[in-house]
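In this text, all values refer to a predicted model and were calculated from it rather than measured experimentally. All chains are named by letter (A, B, ...) in the order of the sequence lines, taking the proteins before the strands, and each is independently numbered beginning at 1. Hydrogens, waters and symmetry mates play no part in the numbers below; they use all other heavy atoms, side chains included.
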Number of protein chains: 2
Amino acid sequence: MNQKEIKNSVNKIFTEYLTSQGYRKTPERFAILDEIYDCKTHFDVELLYMRMKEKKYRVSKATLYNTLELLLACKLIIKHQFGQNTAQYEKSHKSKQHDHLLCIACSRIIEFCDPRIQEIKNDIGDFNNFQVNDHSLYLYGYCEKCKK
Amino acid sequence: MNQKEIKNSVNKIFTEYLTSQGYRKTPERFAILDEIYDCKTHFDVELLYMRMKEKKYRVSKATLYNTLELLLACKLIIKHQFGQNTAQYEKSHKSKQHDHLLCIACSRIIEFCDPRIQEIKNDIGDFNNFQVNDHSLYLYGYCEKCKK
DNA sequence: TTCACTGCAAACGCTTTGCATATGG
DNA sequence: CCATATGCAAAGCGTTTGCAGTGAA
């Protein structure tokens, strides 16, 4: 699926979500979705704001936060809270569930998948009588370039 | 090891850390450590501030943040960034490495241990040529009281 | 027409910082 | 002594909120 097809697909998902929830299909919302799917990697609100400012669309921070909330709800993006400050986001269209390795020296991010995570979620959930919906896992250390 | 012995032990560790780094051994720092080791569970800066205010010691927020930083450095506490706001802390003296289940409805926190986490760290580290030092894992969902 | 959405700016809340004062070494 | 710590209050900074104006349905 190329970039164009992905955009059509997420556009459709977002449209259906907005319709089903009785939300309005405003041009701002679709412009934001479009900009997000142009992002190669992780991004934050400030970056998105600057990029859209440079282009045709200038949206307010309030609208950005509002729209990111909607996109989170229909799972078109994922939110990461790496530190205590700026939240990071990434697009997540049909992407395989994955976690992250973070280099504490150079900030490199590597994605990985491990089926044992799902097993742990199931087992720990069962054992504690918890309905586990979601998780966040980050491994911290030094990448090959940074370890001595 | 009882509460008294634990306090003696962490006191010694903190003293040695401060000395080795050339930091001053101020009464505020030890009062804060003491108050933290009276906490049964997780706590945040505000809670610590209120508790100390009620007792003999009234320390400023600035000093609390400063001291928490030192205690993090010598691994006598662990810091959690559950949301984008208030950071949570917990004491970590020789406690078994554990992770957390968080109820997204009532904020209940349950701790759990799973040896598979360590296996994942080893395997993913090896596979990606990463030296994995640390990790954070949180499972989110509904606890037995909150799931419908 | 109408009410949800947007933009703007002010408010929020946790954390950090600046500065005068106090004190450990 | 004097450089480091403390207390206080102000500043920072990402995020949220209030409100008047706008535009999708």
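With salt bridges taken as basic N to acidic carboxylate O contacts below 4.0 Å, one links A/Lys7 and A/Asp38.
Going from atom CD1 of A/Ile32 over to atom P of C/dC5 covers 13 Å, rounded to whole Å. Summarising the geometry, the separation between CD on B/Glu69 and C1' on C/dT15 is reported as 11 Å, rounded to the nearest angstrom. For B/Leu64 and D/dG7, the CG to C1' distance is 11 Å, given to the nearest whole Å. The CE-C1' distance, from A/Met50 to D/dG14, rounds to 15 Å in whole Å. Between the CG atom of B/Leu68 and the P atom of C/dC14 there is a distance of 15 Å, given to the nearest Å. Distance A/Glu28 CD to C/dC8 P: 11 Å, rounded to the nearest Å. The nearest whole Å value for the distance from the CG atom in B/Leu47 to the C1' atom in C/dC14 is 15 Å. Taking atom CZ on A/Phe14 and atom C1' on C/dC5, their separation rounds to 12 Å, with Å as the unit.
Among the protein residues, B/Lys25 comes within range of the sugar-phosphate backbone only, with heavy atoms under 4.0 Å from sugar or phosphate atoms but none that close to a base. As judged by a 4.0 angstrom heavy-atom cut-off over every strand, B/Asp44 is placed among residues making no nucleic acid contact.
Put simply, the side chain of B/Arg29 and the base of D/dA5 share no donor and acceptor less than 3.5 Å apart. For A/Arg24 against C/dA4, a side-chain-to-base donor-acceptor contact under 3.5 Å is present.
The backbone N or O of B/Ala62 lies less than 3.5 Å from no partner atom in the side chain of B/Asn66, so there is not a single donor-acceptor pair. Looking at A/Glu119, its side chain never comes within 3.5 Å of a backbone N or O of B/Arg116 through a donor-acceptor pair. Using modelled atom types, one side-chain atom of A/Ser20 and one backbone atom of A/Tyr17 make a donor-acceptor pair closer than 3.5 Å.
OP1 or OP2 of C/dT6 lies within a sub-4.0 Å distance of a side-chain N or O belonging to A/Asn66. Contact annotation: B/Thr26 side-chain N/O to D/dT6 OP1/OP2 distance is under 4.0 Å. Note on A/Ser60: every side-chain N or O is 4.0 Å or more away from OP1 and OP2 of C/dT6. Taking 4.0 angstrom as the limit, A/Tyr65 places none of its side-chain polar atoms (N or O) nearer than this to OP1 or OP2 of D/dT16.
In terms of position on DNA chain D, the residue among B/Tyr49 and B/Tyr23 whose nearest nucleotide sits closer to the 5' end is B/Tyr23.
Other residues, nucleotides and ligands contribute at most 12 non-hydrogen atoms within 6.0 Å of the NZ atom of A/Lys75.
Nearest nucleotide to the side chain of A/Ala62, out of C/dC5, D/dT6, D/dT17: D/dT17. With distances taken from any side-chain atom of A/Pro27 to the nucleotides C/dT15, D/dG7, D/dA24, the minimum falls on D/dA24.
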